[in-house]
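Everything on this sheet refers to the single structure shown next.
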There are 2 protein chains.
Amino acid sequence: MAPLPSSSLSDVPASPSESGGPAFSPLYQQIKGLITRSLQAGEWKPGEAIPSEVDLAARFRVSQGTVRKAIDELAAENLLVRRQGKGTFVATHSEEKIQYRFLRLMPDDGEQGSVDRKFIDCRRVRAPADVARALELKSGDAALQIRRVLYFKGQPVVFDDIWLHGGLFKGLTAERLSDYQGPMYALFETEFGVRMIRAEEKLRAVAADPATAALLNLAEGYPLLSVERLSLTYGDKPVEIRRGLYNTASHFYRNEVS
Amino acid sequence: MAPLPSSSLSDVPASPSESGGPAFSPLYQQIKGLITRSLQAGEWKPGEAIPSEVDLAARFRVSQGTVRKAIDELAAENLLVRRQGKGTFVATHSEEKIQYRFLRLMPDDGEQGSVDRKFIDCRRVRAPADVARALELKSGDAALQIRRVLYFKGQPVVFDDIWLHGGLFKGLTAERLSDYQGPMYALFETEFGVRMIRAEEKLRAVAADPATAALLNLAEGYPLLSVERLSLTYGDKPVEIRRGLYNTASHFYRNEVS
DNA sequence: AAGTGGTCTAGACCACGAT
DNA sequence: TCGTGGTCTAGACCACTTG
């Protein structure tokens, strides 16, 4: 690229297609969008390195600083992970450090012990109305329902009722879930190419119903923490809705507000 | 400043006092620390503008870009607010937009209505052992206990039991609390110069005790969301611990995990 | 028009990791 | 030693707000 005296940006229209619109988008935002699209398209898989900043700058014909700012934001959004001296990598749910970003339950005494899972069932059914609405499915579309219990140090603590977008998880069975070692979201991303980016949660206190009470070995009516989660992938597309019921007798849900 | 060929940074030691240590701190981090100290010292009050980037660059004898990066991080941490064309301002709890950062309870149906408060008491007492530990007080030091109920659309929904660092809130009375219009944290920052920066929370489901049940007009044993919050000011100094009990029958605690 | 933050560039050098 | 991300600078221009 010719080293023009810094007027070269005018040559790059903010949005080549959209002309005349009042929308203005900084170059680095456009680059960010292009990188996101490549991530979405699977050009670079979770855990892999993306091209170096210099390479990307050449590809997009912008300066390294502009690519840098785009990557900075994607790293802040946990889509990418920077590693000095090594490169920039696509984030993955398989990493130790990232595991507990979505599992916010902590034991009262110190560290997280091992977590055991037991799957109750995994059925393919027509999505109920509320699930269809949340996952943006047409009524009657297929959905996957998974129910499981999580055990901390052998004690049942969490009952999860999970609903997945039917079209994206073809062939998911209770067996594959049970066989897989590691976080469920890691399985989703390696086996189905669906990467959970962020989630919105609604927390409430509820009384244990008879079925849940039995599963968690509690008396009916026992206070449980209800966590309704809507999980989203690239482009804020909803792909999972789940409701967890947590026994918070010796665990708590940690949160930071800042 | 002499336009040296970019070796000028070597002239600025990473940490003037700490010599020989293996610690390396980027310039912008040091600038960030200096700005934070000025905020802490009250050189610029909440709501006021801080000096322009150019002025700060001149004051600290670094480039504007370096100041910029420092301010970027402080803005990301909600200590500063940037406003294009106007300047950079010290964040304040009085702003509309920021109010609901610490009040995470939302009604099931749409928007937040008006919130009424009723203070039950505001007493100055010796800090109990657990409170003293949380607020890093010596046992026997003074603490302030505030208890209140929050009403949404006339209905009691929240019971708060609040403990404040005694030394920082001299002269706080139930009357001043009642008279003040606006968020409690806004009062703390304008009247006592104590600005809450962030908070750590532990959430649980519990059964309503008789006293709380009476205050919230519920049956004893009703499931309540318990929110234990430790609030921190500059330098992560703890200044408030509170326990809120929320009736989540028609409200929920919203959270985003990303 | 002047001042502020926001974007973009080009280039130099530093810190880190692999070779 | 080389390639990667990380820091820092200097300067130009853009977008927004105020006088």
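As a basis for the values below, the full set of heavy atoms in this structure was taken, side chains included, without hydrogen atoms, waters or symmetry mates. Remember, it's a predicted structure, so these values are computed and weren't measured experimentally. Per chain, numbering begins at 1; letters A, B, ... match sequence-line order.
- Taking the charged nitrogens against the carboxylate oxygens, B/Asp236 and B/Arg198 do have a contact shorter than 4.0 Å, which makes a salt bridge.
- Side-chain N/O atoms of A/Ser63 include none lying less than 4.0 angstrom from OP1 or OP2 on C/dA10.
- Residue-level contact check: A/Arg68 touches the bases, meaning some heavy atom is under 4.0 Å from a base atom.
- Whole-Å rounding puts the B/Phe24 CZ to C/dC13 P distance at 16 Å.
- Here the nucleotide nearest the side chain of B/Arg82, chosen from C/dT9, C/dA15, C/dG6, is C/dG6.
- Nearest nucleotide to the side chain of A/Gln84, out of C/dC16, D/dA10, C/dG6: C/dC16.
- Distance A/Ile71 CD1 to D/dT4 C1': 11 Å, rounded to the nearest Å.
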Ignoring hydrogens and angles, write down the donor-acceptor pairs under 3.5 Å from the side chains of residues 39-50 of chain B, residues two or more places apart or on other chains.
residue, atom, partner, partner atom, Å
B/Glu43, OE1, B/Ser38, OG, 2.9
B/Glu43, OE2, B/Arg59, NH2, 2.7
B/Lys45, NZ, B/Gly42, O, 3.0
B/Glu48, OE1, B/Lys45, N, 3.2

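- At a threshold of 4.5 Å between non-hydrogen side-chain atoms, the residues A/Phe188 and A/Leu172 count as touching.
- When the C1' atom of D/dG6 is taken as reference, atom CD of B/Gln30 falls 15 Å away, rounded to whole Å.
- Within a heavy-atom distance below 4.0 Å of DNA chain C, no residue of residues 40-57 of chain A is found.
- What separates CZ of B/Phe60 from C1' of D/dT9 is a distance of 18 Å, to the nearest Å.
- Along DNA chain C, the nucleotide nearest A/Val67 and the nucleotide nearest A/Gly85 are compared for position; the residue whose nucleotide lies closer to the 5' end is A/Val67.
- Atom NZ of B/Lys32 and atom P of D/dT7 are 11 Å apart (whole Å).
- Between B/Asp72 and B/Tyr28, the side chains place no donor N or O within less than 3.5 Å of an acceptor N or O (distance only, hydrogens not considered).
- At a threshold of 4.0 Å, the pair A/Arg242-A/Glu240 counts as salt-bridged, since one of the basic side-chain nitrogens sits closer than that to a carboxylate oxygen.
- Taking only side-chain nitrogens and oxygens, A/Lys86 never comes nearer than 4.0 Å to OP1 or OP2 of D/dG3.
- Between A/Asp72 atom CG and D/dG6 atom P the separation is 7 Å, expressed in whole Å.
- Residue pairs that meet the ring pair (Phe, Tyr, Trp, His ring centres under 6.0 Å) test with at least one member in residues 61-97 of chain B, sequence neighbours left out, are B/His93-B/Phe102, B/His93-B/Tyr185.
- When rounded to the nearest whole Å, the span between CZ of B/Arg83 and P of C/dG5 equals 12 Å.
- For B/Gln64 and C/dC8, the CD to P distance is 16 Å, given to the nearest whole Å.
- A close approach under 4.0 Å does occur between a side-chain nitrogen or oxygen of B/Lys69 and OP1 or OP2 of D/dT7.
- Between A/His251 and A/Phe152, a ring centre-to-centre spacing shorter than 6.0 Å is recorded.
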